[in-house]
Amino acid sequence: MNIKYDLNVDPKKGESQYNDYDLEKNRIVPARYVPALLESYRGNIFIEALPPPRMKDDICNEYFKPLLTYDESKIPYMARYEKLLNIKSIRNLRLPLPFCYDLETEFNSALVASYSCRELMEDQNTNLECHVGGKNMVQHSILAGNPAASSTGYFSLLGISGSGKSSMIQMLLSRYPQVIVHELGPNHREIQVVYLVVNCTANSSFHALYCAMGHALDLALKNINGRCEREIEKQRSISKKAAQVERFIEQYKIGAIILDEVQELSFDTTRENSFNSLLTLVNNTKVALISVGTEEAYDKMYSSLRLCRRGGNNICAHSYCNFRNGKIDRNDFNERYFRTLLSLVFKYQWFDKRVEVSDDIVDAFYDATRGIIDQIIYLYIWVSVEYLSDTYADKKPVVDGDFIRKVAKKHCAKVKKYIDELDLFMRGGGIVGFEEIRAESEAKIDEMIRKAKNEVVTKQLVDNEDIFEDNMVT
């Protein structure tokens with residue numbers, strides 16, 4: 001097979017051949033090839049069409065996404081409701097977390113391992129219909145797993161709620177095309193689905209899981225008619241559903257399946273309906289399997305040493321939160337990292353005067369958040385909102401440790417209740433009902449924004465009463 005390489009890309013420098021694409025918007029792209037770093041993978045189009053792994057020094061920069069719309073010079077001229085709206089935008093801030101390097105390398109290794117353990121089988125007399133972007137296409141091949149090869153494309157990303165798993169997965173996938181179309185000659189086209197993200201719903205069965213894989217495949221291929229999901233749904237037994245998923249993995253050359261919120265799956269002891277059965281499917285196809293969720297999923301998934309071995313490496317997403325003896329140690333690396341995170345968050349301020357991150361502020365934030373990134377953002381939003389609230393309309397408070405503790409007690413008490421149980425929390429239980437707590441909190445902020453907007457209109461009406469009277473038609 002004659003492969004035309006993109007000579008403008010140096011894979012040794014971690015450069016991507018798809019840099020000119022916005023891969024979050026353009027998920028289906030034509031294949032571009034760069035020489036594989038290992039000689040043994042040369043000529044494998046499914047590996048050489050993947051972006052090379054990023055260099056370690058570049059990863060930190062790539063995972064930092066500042067708020068580009070923030071302009072400190074405009075803050076003094078903003079109405080209160082404008083400041084409140086801007087404060088909510090800080091949820092879009094993305095900061096590099098310690099596990100992002102492991103995540104990058106494990107994901108790339110899993111994809112390469114998957115595609116290196118499979119064999120392209122072709123038959124020009126066999127027509128396999130596929131549907132991509134609303135267009136009907138025909139393929140004459142499948143990518144079958146090599147039964148003699150060992151499967152190494154497993155890993156899990158597990159950690160407490162709010163530790164940044166979903167954000168880092170999103171940042172990771174923004175570098176990869178989801179679907180790559182290989183045009184290899186007349187009547188020779190290969191469709192490669194690099195990854196699928198499958199959301200596991202609460203107490204979902206493996207029946208639902210396999211259907212969700214079909215739904216994720218339809219989304220990747222932009223099939224609005226739900227063809228793949230329907231094909232799986234009509235299979236009556238779990239074993240037949242699994243067999244149909246296996247056919248889709250081979251036909252669409254799927255590289256990795258990411259199971260998000262994997263702890264929500266219902267794990268029982270029946271043979272067909274167990275995680276062991278899923279791993280068997282993965283072993284047959286050699287597709288990579290990535291499990292993302294809270295730590296409680298670990299015991300559910302890997303009920304035996306054999307399953308634990310098959311499950312691959314585990315990346316602990318909240319390792320940066322594990323302070324020495326549950327307390328801040330000024331000489332501890334994680335404390336210094338926590339201070340850096342907090343300083344980056346405090347770059348975006350809506351206070352009247354700039355606030356520097358003091359030891360007292362660090363202590364207050366750690367006491368309320370235990371260093372968990374989502375809780376840091378959550379508390380900082382409330383500190384900023386409370387500062388602008390009617391309570392302090394006449395006299396603004398000093399933003400210090402005492403003020404932060406007061407805000408945490410007022411607005412984050414439900415979260416703090418669970419965080420205080422640090423031993424249980426660090427074992428991966430997460431914050432029970434945190435989504436409900438956050439939704440309630442968001443509703444309160446939205447109500448404050450609505451009132452602040454009304455204040456602007458009311459003030460304009462009062463200040464311009466004479467003008468309105470002059471324009472009244474009697």
Side-chain angles (χ1 to χ4, degrees), residues 59-60 62-65 90-107 155-174 197 199-200 258-264 290-301 313-324 326-328 332-342 344-345 362 365-381 408 412 414-438 441:
I59 289 176
C60 187
E62 292 295 331
Y63 278 73
F64 174 55
K65 298 296 179 186
I90 203 168
R91 286 205 176 279
N92 298 321
L93 177 66
R94 293 291 179 265
L95 301 172
L97 299 175
F99 63 86
C100 62
Y101 177 68
D102 281 345
L103 182 60
E104 280 269 337
T105 54
E106 286 285 350
F107 185 68
F155 75 90
S156 55
L157 174 64
L158 304 178
I160 53 181
S161 300
S163 53
K165 302 182 296 293
S166 296
S167 296
M168 293 300 101
I169 287 287
Q170 183 182 14
M171 298 289 288
L172 166 75
L173 298 180
S174 68
V197 179
N199 295 309
C200 304
I258 301 170
L259 301 182
D260 196 16
E261 303 295 346
V262 70
Q263 77 280 354
E264 299 291 355
I290 295 98
S291 303
V292 182
T294 60
E295 280 204 324
E296 64 187 277
Y298 193 86
D299 292 335
K300 288 183 177 182
M301 292 188 299
N313 295 331
N314 174 37
I315 301 172
C316 180
H318 64 247
S319 60
Y320 67 95
C321 307
N322 290 334
F323 287 73
R324 189 173 298 156
K327 297 179 181 179
I328 286 183
D332 187 61
F333 170 79
N334 276 350
E335 189 276 328
R336 287 181 281 130
Y337 173 75
F338 175 60
R339 178 184 289 272
T340 302
L341 272 187
L342 206 54
L344 289 171
V345 173
V362 170
F365 260 89
Y366 174 70
D367 184 52
T369 69
R370 288 298 189 267
I372 304 161
I373 185 61
D374 200 50
Q375 313 313 319
I376 294 171
I377 298 295
Y378 179 75
L379 177 56
Y380 186 69
I381 287 174
C412 308
K414 292 180 181 178
V415 174
K416 184 70 163 60
K417 173 185 175 184
Y418 298 104
I419 290 182
D420 282 342
E421 300 174 10
L422 183 61
D423 291 338
L424 174 63
F425 191 67
M426 286 303 182
R427 285 201 296 270
I431 299 174
V432 179
F434 179 67
E435 291 302 322
E436 291 78 4
I437 295 170
R438 183 157 63 184
S441 184

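- Closest non-hydrogen pair, M171 versus E62, comes out as CE-O, 3.3 Å.
- With S163 contributing its side chain and I160 its backbone, the two residues share a donor-acceptor pair below 3.5 Å.
- With rounding to the nearest 0.5 angstrom, the NZ atom of K65 is 12.0 Å from the CG atom of L95.
- Minimum interatomic distance between V362 and F338 (heavy atoms only, all atoms of both residues): O-CE2, 3.5 Å.
- With Y337 as the aromatic partner, R339 does not meet the cation-pi criteria of under 6.0 angstrom to the ring centre and within 45 degrees of the ring axis.
- Under the 4.5 Å side-chain criterion, counting only non-hydrogen atoms from C-beta, L173 is in contact with F107.
- In this structure, CG in L97 is found 10.0 Å from SG in C60, a value given to the nearest 0.5 Å.
- Under a 3.5 Å cut-off, the side chain of Q263 and the backbone N or O of G293 do not form any donor-acceptor pair.
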Exercise answer: donor-acceptor pairs, residues 98-106 side-chain atoms, under 3.5 Å, sequence neighbours excluded:
from, atom 1, to, atom 2, distance (Å)
E104, OE2, R54, NE, 3.3
E104, OE2, R54, NH2, 2.5
E104, OE2, Y63, OH, 2.8
T105, OG1, Y101, O, 3.1
T105, OG1, D102, O, 3.1
E106, OE2, N313, ND2, 2.8

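- Residues R91 and D374 have side chains in contact (heavy-atom distance under 4.5 Å, counting atoms from C-beta outward).
- The two residues A317 and L157 make their nearest non-hydrogen contact at CB-CD1, 3.9 Å.
- Rounded to the nearest 0.5 angstrom, T294 OG1 and H318 NE2 are separated by 10.5 Å.
- When all heavy atoms of K165 and L158 are compared, the pair lying nearest together is CD-C, 4.2 Å.
- Of all heavy-atom pairs spanning D260 and S166, the tightest one is OD2-OG, 4.0 Å.
- The structure places CD1 of I290 at 10.0 Å from OG of S156, a figure rounded to the nearest 0.5 Å.
- Distance check, rounded to the nearest 0.5 Å: CZ of F365 to CG of L379 gives 4.0 Å.
- I377 pairs with exactly one of V345, L341, N92 by the side chain to side chain contact (heavy atoms under 4.5 Å, CB included) rule, that one being V345.
- Residues G162 and I373 share a closest heavy-atom pair of O-CG2, 3.3 Å.
- In this structure, I258 CD1 and N199 CG are separated by 10.5 Å, a value rounded to the nearest 0.5 Å.
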